[in-house]
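All figures in this text were calculated on a predicted structure; none of them were measured in a lab. Heads up: numbering here begins at 1 and tracks the sequence.
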Amino acid sequence: SAFIIPKLINGFKAIQKGSIDKITIGNIDTIKYFTDINDVVRGIWYAAQQPKDNYEDGVFQGHKTTIREIIELIGEALKIKNIYLMEIIN
């Protein structure tokens with residue numbers, strides 16, 4: 001899903017409240033690229049200022065990470081212990 005981070009955050013909050021007991025997502029070892037919109041705007045501006053083909057390829061690649069790493073970061077932020085015991089369906 002293109003909106004995996006909000007889905008996870010909302011899912012974990014719902015689990016904490018007791019309104020759901022699991023989050024169903026796909027492969028959590030999938031590698032995704034996460035890019036902040038501010039970086040994208042700066043990259044576009046930079047590319048527009050350069051002579052044609054005079055900027056590095058991959059300026060919009062973002063940060064490569066797995067969904068598993070995102071789950072762990074969200075768990076830490078929400079102070080959830082034993083996050084994988086919360087029935088994340090892989």
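Evaluation of the side chain to side chain donor-acceptor pair (under 3.5 Å) rule for T30 yields no partner, not counting sequence neighbours. In this structure I9 satisfies the side-chain contact (heavy atoms from CB on, under 4.5 Å) test together with I5, K13, I74, sequence neighbours excluded.
At distances below 3.5 Å, not a single donor-acceptor pair connects side-chain atoms of K22 with backbone N or O atoms of I15.
From I23, atom CD1 reaches atom CD1 of I71 across 7.5 Å, with rounding to the nearest 0.5 Å. To the nearest 0.5 Å, the span separating CD1 on I28 from CD1 on I4 amounts to 10.0 Å.
When each of R68, E69, K64 is paired with T66, the side chain to side chain donor-acceptor pair (under 3.5 Å) condition holds for E69 and for no other.
Nearest heavy atoms, I67 versus K32: CD1-CG, 3.6 Å. Across all their heavy atoms, I20 and G11 have their closest contact at CD1-O, 3.6 Å.
Residue L78 is grouped with residue I25 when hydrophobic side chains (ILVMFWY) are merged at heavy-atom distances under 4.5 angstrom, including chains of intermediate members.
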